[in-house]
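What follows is one structure encoded as structure tokens, with my remarks underneath.
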Amino acid sequence: MASPPPGLALRDTRSDWVRIRTLVLLRWMAICGQLAALSVAVFVYRLQIEFGLCLLVIGASVVANLAAGFILPSNKRLSEGEALLTLLFDITQLAALLYMTGGLDNPFALLILAPVTISATALQLRTTVVLGAAAAALITVLELYALPLRLPTGAPLAVPPTLRFGFWVAIVTGILFMAVYSRRVASEIRSMSEALLAAQMALAREQKLTDLGGVVAAAAHELGTPLATIKLVSTELMEELKDDPDLASDAELIRQQADRCRDILRSMGQAGKDDLQMHFAPVAEVIREAAEPHMARGKTIELSAHPIRDGAARQPTIQRRPEIVHGLRNLVQNAVDFARSTVWVEAEWTARSLSIRVIDDGPGYPPNVLGRIGDPFIRARGEAQPDPERPEYEGMGLGLFIAKTLLERSGAELSFANAAPPTPAAAPAGGSPSGPERSGAIVEVIWPRDRIEAEAPAALGRNRPITA
């Protein structure tokens, strides 16, 4: 059974995300606020409140905070169960304080939303459901039972029942809304962070492959001198050992092997030489390099590069940056994954812009997710055609997100669309099409030429349109 993608595992496992120090600081802020509100109510507005019992409830939070601060290290991360118990304590403490200060007649009842919001942001769904249900139950109890707030004269501070009921509805609705809203926003942030991490890892791998060429060239250069010395010494030994055929043959073997090492290093040096071809290339060569790993996967990949107008006939020589090659490669891979038989990769340019389109003859993007293409962790395409190389492929939208992120960082703008379905009039006489129809997805990448084009020697600019 295939293991889930790393990002998915992170999204489904949220334990150990909350530090005890964070909750302790938030609780100290709550304690200070509770003491301030209680003092103003008693000493400024002269409300009659069970002041001693309220201080006892606040003292319970103080003791809990001091115990957490002295017993547990400040960098400890709470498990899911520990975080649940901590937040459940905060909800219960606040409900007890509200019970002695008017229940829902107390406007600070709204603060019961805070622990639920924290849970929705950092903890698992079941923990948020438990805390939300507990908060709603306690608010319901407070709506029915609570010690009234009394004015200095001893008369109860009466709030109309309709207003109290409306406040109860607002808090219960707020618990549900804030939990869903906070969880949704936090999930989007986590998905984006995990996908960006995957993009950075992919780019780092590509950069390492590029840097390897320079290492090989440096090794070839450094080893050239000792090999030349070995060859010189072995030649002198052959001259001196003419009278001893066995030793002379050994010396000749040493020279032959030194020549062989020289030839190997020379070829390695040429392959890894840090010349302009490593940094700049005609756009046709860049799209060929991006598509090459997927050309043997059983689908036809047709490449073309040509100007849109005759005034820009010279083929652009662009920066051969790892993020550009890797981003285009991901687009081609996605097209090959879902194509029935053919993928088209087309480069076109004008005097001001360069565009590359990747088109396939697959099912295209589902209309309901077309506006979200490029977001991480969504199934961006319909059911994929069976792929003998990746039969387990299901797709999480991460490849398109990585491609979109990398290419946008290079200055490109991306658009995603579906090709128009073929019309009967487009079919040749006889009713059978002459070739595969471009009925699938279209991804267009457009750069301003001044953002991607590079000045390079004319030898790199093979200005012929290509087809493959």
Side-chain angles (χ1 to χ4, degrees), residues 200-301 303 305 315 317-326 328-330 332-333 336 345 387-390 454-464 466-468:
Q200 291 169 355
M201 293 174 63
L203 186 58
R205 288 197 299 268
E206 191 78 15
Q207 187 65 51
K208 285 181 180 179
L209 292 176
T210 302
D211 294 341
L212 184 60
V215 174
V216 170
H221 175 75
E222 295 296 330
L223 292 174
T225 300
L227 283 175
T229 303
I230 293 173
K231 181 180 178 181
L232 177 62
V233 173
S234 61
T235 302
E236 293 176 352
L237 288 175
M238 288 176 60
E239 293 292 333
E240 295 179 1
L241 297 173
K242 289 181 179 180
D243 298 334
D244 191 335
D246 293 335
L247 294 178
S249 63
D250 291 340
E252 184 178 3
L253 179 61
I254 292 174
R255 189 181 68 172
Q256 292 174 353
Q257 294 302 312
D259 289 338
R260 182 183 177 189
C261 290
R262 179 201 61 193
D263 295 338
I264 293 174
L265 289 175
R266 181 178 298 169
S267 63
M268 291 173 62
Q270 291 296 326
K273 190 175 181 181
D274 189 20
D275 58 12
L276 291 176
Q277 184 66 39
M278 297 294 294
H279 300 288
F280 312 124
V283 62
E285 297 303 323
V286 173
I287 63 174
R288 189 191 301 275
E289 179 183 0
E292 187 174 6
H294 305 289
M295 287 183 171
R297 293 182 53 194
K299 310 289 176 65
T300 301
I301 301 180
L303 308 178
Q315 181 179 155
T317 297
I318 66 173
Q319 303 173 36
R320 186 189 163 276
R321 292 158 54 183
E323 57 266 35
I324 294 175
V325 175
H326 192 82
L328 293 174
R329 185 170 296 163
N330 274 10
V332 174
Q333 173 182 324
V336 172
V345 183
D387 187 346
E389 294 186 5
R390 297 197 303 166
E455 294 296 332
L460 295 178
R462 296 181 176 86
N463 299 325
R464 308 186 303 268
I466 68 159
T467 57

How would you list, by chain and number, every residue that makes a side chain to side chain contact (heavy atoms under 4.5 Å, CB included) with [X], sequence neighbours excluded?
X: E236; result: L232
X: A290; result: L328, R329
X: T300; result: E302, T342

Heavy-atom closest contact ([X] atom, [Y] atom, distance):
X: R255; Y: S234; result: CB-OG, 3.3 Å
X: Q319; Y: F280; result: CA-CD2, 4.2 Å
X: I301; Y: H294; result: CD1-O, 3.5 Å

Side chains of E289 and I324, heavy atoms from C-beta outward: is any pair under 4.5 Å?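 The answer is no; the side chains never approach within 4.5 Å.
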
Report yes if some heavy atom in the side chain of R320 is under 4.5 Å from a heavy atom in the side chain of E285; otherwise report no.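 Counting from C-beta outward, R320 and E285 never come under 4.5 Å.
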
For the CZ atom of R288 and the CE atom of M295, what is their distance to the nearest 0.5 Å?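 With rounding to 0.5 Å, CZ (R288) is 6.5 Å from CE (M295).
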
Using distance only, find each side-chain donor-acceptor pair of residues 238-247 under 3.5 Å and give its atom names and separation, not counting sequence neighbours.
residue, atom, partner, partner atom, Å
E239, OE1, K242, NZ, 3.1
D244, OD1, D246, N, 3.4

Could you pull out all residues at least two apart from D259 that satisfy side-chain hydrogen bond (donor to acceptor under 3.5 Å, both in side chains)?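 For D259, the residues satisfying side-chain hydrogen bond (donor to acceptor under 3.5 Å, both in side chains) (neighbours in sequence not counted) are K231.
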
